[in-house]
Amino acid sequence: MAPITVGDTIPDGTLAYFDENDQMQQVSVHSLAAGKKVVLFGVPGAFTPTCSMKHVPSFIEKSEELISKGVEELLLISVNDPFVMKAWKKSYSETKNVKFLADGSATYTRALGLELDLAEKGLGVRSRRFALLVDNLKVVVANIESGGEFTVSGADEILAAL
């Protein structure tokens, strides 16, 4: 499947997360994004170096600025199970407005056309690194990385697009 691009409607899908009461929830992506301006960003894996030290922190640190420019949700997706995503979220002292969503079987990542086969490295199917600015389910900006790069999918690039 071709990767999602500007002008496309994001597919719906169900992802999992732990709420503030430590209860696992299943949530529809459309229920989080319909009628809103959201940033949907994906990373190859929880606790991996670039994801943990650069990509996710960029959105945590810039979350207030993104919200001040009209972004209503910051949705992080990784091909990990909900328990790993919960532990990863807890590894940050502050997660300011970033929702850590699990796509355990890469079903949603495949629907976006953004899967990355890292079986050679023992990681299986993962997500390409990306950041999508979505307005009422339509992709306005699609910043999708090649390979393991981190050059276009950080919070600064989304801020520049706003």
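Judged by distance alone, the side chain of Tyr92 and the main-chain N or O of Ser52 form a donor-acceptor pair under 3.5 Å. Listed for the Asn80 side chain is no donor-acceptor partner under 3.5 Å among the backbone atoms of Met85. With hydrogens and angles ignored, the 3.5 Å screen pairs a side-chain donor or acceptor of Arg128 with a backbone N or O of Glu145.
Looking only at side-chain heavy atoms (C-beta outward), Val39 and Leu132 stay at 4.5 Å or farther from each other. Leu32 places a side-chain heavy atom less than 4.5 Å from the side chain of Val27. Side-chain contact between Val134 and Val140: absent, with no pair of heavy atoms (C-beta onward) separated by less than 4.5 Å. A heavy-atom distance below 4.5 Å is found between the side chains of Leu66 and Leu162.
The nearest pair of heavy atoms linking Pro11 to Ile4 is CD-CD1, 3.9 Å. Shown here for Ser63 and Asn97, the closest heavy-atom pair between the two residues is OG-ND2, 3.4 Å. Across every non-hydrogen atom of Phe59 and Gly154, the tightest pair is CZ-C, 3.7 Å.
Here the straight-line distance linking atom CG of Asp19 with atom NZ of Lys86 works out to 10.0 Å at 0.5 Å rounding. Atom-to-atom distance recorded for Gln25:CD and Lys99:NZ is 9.0 Å, nearest 0.5 angstrom. Of the inter-residue distances, the one linking His30 atom NE2 with Leu137 atom CG reads 4.5 Å to the nearest 0.5 angstrom. To the nearest 0.5 angstrom, Leu76 atom CG is 7.0 Å from Leu101 atom CG. With values rounded to the nearest 0.5 angstrom, Glu65 atom CD is found 8.0 Å from Asp156 atom CG. Atom-to-atom distance recorded for Asp103:CG and Asp81:CG is 11.5 Å, nearest 0.5 angstrom.
At a threshold of 4.0 Å, the pair Arg129-Glu149 does not count as salt-bridged, since none of the basic side-chain nitrogens sits closer than that to a carboxylate oxygen.
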Begin from the C-alpha positions of Thr48 and Val43 and carry the test side chain to side chain contact (heavy atoms under 4.5 Å, CB included) through to its verdict.
-> CA-CA 9 Å; Thr48 56; Val43 298; 5.9 Å; no
Trace of the side chain to side chain contact (heavy atoms under 4.5 Å, CB included) decision for Phe47 with Val84 = CA-CA 9 Å; Phe47 296 107; Val84 168; 4.2 Å; yes
Given the rule in the side chain to side chain contact (heavy atoms under 4.5 Å, CB included) test, do Tyr108 and Ile10 qualify, once you have shown the distances and angles that lead to the verdict?
-> CA-CA 10 Å; Tyr108 192 72; Ile10 60 169; 3.9 Å; yes
List the steps, then state whether side chain to side chain contact (heavy atoms under 4.5 Å, CB included) holds for Lys62 with Ile158.
-> CA-CA 10 Å; Lys62 304 284 181 157; Ile158 294 296; over 6 Å; no
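Counted by atom type alone, Gln26 and Thr14 present zero donor-acceptor pairs between their side chains at under 3.5 Å. With no hydrogens or angles considered, no side-chain donor-acceptor pair links Ser78 and Trp88 at under 3.5 Å. No hydrogens or angles considered: nothing links the side chains of Glu115 and Ser127 as a donor-acceptor pair under 3.5 Å.
A side chain to side chain donor-acceptor pair (under 3.5 Å) check over residues 130-143, counting only residues at least two apart or in different chains, returns the pairs Thr9-Lys138.
When ring centroids are compared, Phe130 and Phe41 stay outside the 6.0 Å threshold. Ring pair Phe100/Phe18: centre-to-centre distance not below 6.0 Å.
A single hydrophobic cluster is seen to contain both Tyr17 and Leu112, as judged by linkage of ILVMFWY side chains at heavy-atom distances under 4.5 Å, directly or through other members. One hydrophobic cluster, built from ILVMFWY side chains closer than 4.5 Å, cannot hold both Val71 and Leu40; they sit in different ones. In terms of hydrophobic clustering, with Ile, Leu, Val, Met, Phe, Trp and Tyr side chains grouped at heavy-atom distances under 4.5 Å, Val141 and Val152 are assigned to different clusters. Linking Ile, Leu, Val, Met, Phe, Trp and Tyr whenever their side-chain heavy atoms come within less than 4.5 Å puts Val56 and Leu159 in one cluster. Cluster annotation: Ile144 is connected to Ile77 through the hydrophobic network of ILVMFWY side chains, with a link wherever side-chain heavy atoms come within less than 4.5 Å.
The environment of Lys54 atom NZ is sparse: at most 12 non-hydrogen atoms of other residues, nucleotides or ligands sit within 6.0 angstrom. Open room surrounds CZ on Phe83; 12 or fewer heavy atoms of other groups in view lie less than 6.0 Å from it.
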